[in-house]
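Before any comments, here is the structure.
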Amino acid sequence: AKGEYSGNATFTADKIEFKPEDDLRVSGIVEAVDIGAGTLQVLGIQIGTEPGTSFEDDLLDLQAFGLDDLRPGVDYVEIRGFDDGGDFIASRIERDDVDDDSVRGPGANVSAPTLTVLGVPVLTDGNTEFEDNDAPISAGDFFAGADGRLVDVTGTWDGSRLLADEAELEDGLDDD
């Protein structure tokens, strides 16, 4: 809500806007940009934009920055967004220095040592660290609780799957 606080516990709203939770996240190198469609691709995920999508440039510090400034194969982005009927819509796109590839969303197709997050195939191995809200857990406990739960995976994208360094169960999505 936007408006004016007039004291006496009174707030007069000029505008009320409902926004979906931006539980979904992806970070990686931009693979493709379609300016006409208002989309980009990262880790194989097609990501849409809308007029309310905010763009921030922490790499080149451009004041005016948008989808047409992104360079496929070069730029690393961190994206927050939401599910709009099965489509990933970005609420914020931030261009930044290259960091780990990551994906955050509901766990699906869970079958140790693999799962998918936002359609991204994830492979874990003996070096993967597993957590539940920052507390270390076993791989068995992770896979037992991952289906449909919010999962945050950090690792290395090899062009077809994310090789997980860390996989964490988080609260969200189905928590009401």
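Every heavy atom of this structure was used, including side-chain atoms; hydrogens, water molecules and symmetry mates were not.
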Side-chain polar contacts of residues 36-43 - donor-acceptor pairs under 3.5 angstrom, sequence neighbours left out - could you list them?
{"residue": "T39", "atom": "OG1", "partner": "Q46", "partner atom": "NE2", "Å": "2.9"}
{"residue": "Q41", "atom": "NE2", "partner": "E31", "partner atom": "OE1", "Å": "3.0"}

Quick one: are L67 and V33 in side-chain contact, heavy atoms under 4.5 Å?
yes

Between L169 and V151, is any pair of side-chain heavy atoms under 4.5 Å apart?
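Heavy-atom side-chain distance check passes, below 4.5 Å.
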
Keeping the roles fixed (side chain from [X], backbone from [Y]), state whether a donor-acceptor pair exists under 3.5 Å.
X    : Y    : value
S91  : R80  : yes
T53  : A90  : yes
R104 : L150 : no
T124 : P113 : yes
Y76  : L59  : no
D152 : G105 : no
D69  : G66  : yes
D83  : G86  : yes
D57  : L62  : yes

Where [X] and [Y] come nearest, the two heavy atoms and their spacing:
X    : Y    : value
V77  : I93  : CG1-CG2, 4.2 Å
G44  : W157 : N-CZ2, 4.0 Å
R71  : D75  : NH2-OD1, 2.6 Å
T116 : P121 : CG2-CA, 4.0 Å
V122 : V153 : CG1-CG1, 3.8 Å

Linking I/L/V/M/F/W/Y whenever their side-chain heavy atoms sit closer than 4.5 Å, directly or via other members, would L115 and I137 fall into one cluster?
yes

Begin with the C-alpha distance, continue with both residues' side-chain angles, and end with the deciding distance and a verdict on side-chain contact (heavy atoms from CB on, under 4.5 Å) for T128 and F142.
CA-CA 11 Å; T128 304; F142 174 85; over 6 Å; no

Modelled atom types, side-chain donor and acceptor of S160 and D158, under 3.5 Å:
yes

Side-chain donor-acceptor pair present, D165, N127, cut-off under 3.5 Å:
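No, no side-chain donor-acceptor pair sits under 3.5 Å.
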
Could you list the residues that satisfy side-chain hydrogen bond (donor to acceptor under 3.5 Å, both in side chains) with S111, not counting sequence neighbours?
none

Trace of the side-chain contact (heavy atoms from CB on, under 4.5 Å) decision for V30 with V74:
CA-CA 7 Å; V30 174; V74 176; over 6 Å; no

Listed once per pair and sorted, the salt bridge (charged side-chain N to carboxylate O under 4.0 Å, His left out) pairs that draw on residues 122-143, sequence neighbours left out:
D132-R149

Check the orientation of F65 and F55. Use parallel for under 30°, tilted for 30 to 60°, and perpendicular for over 60°.
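Correct class here is perpendicular.
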
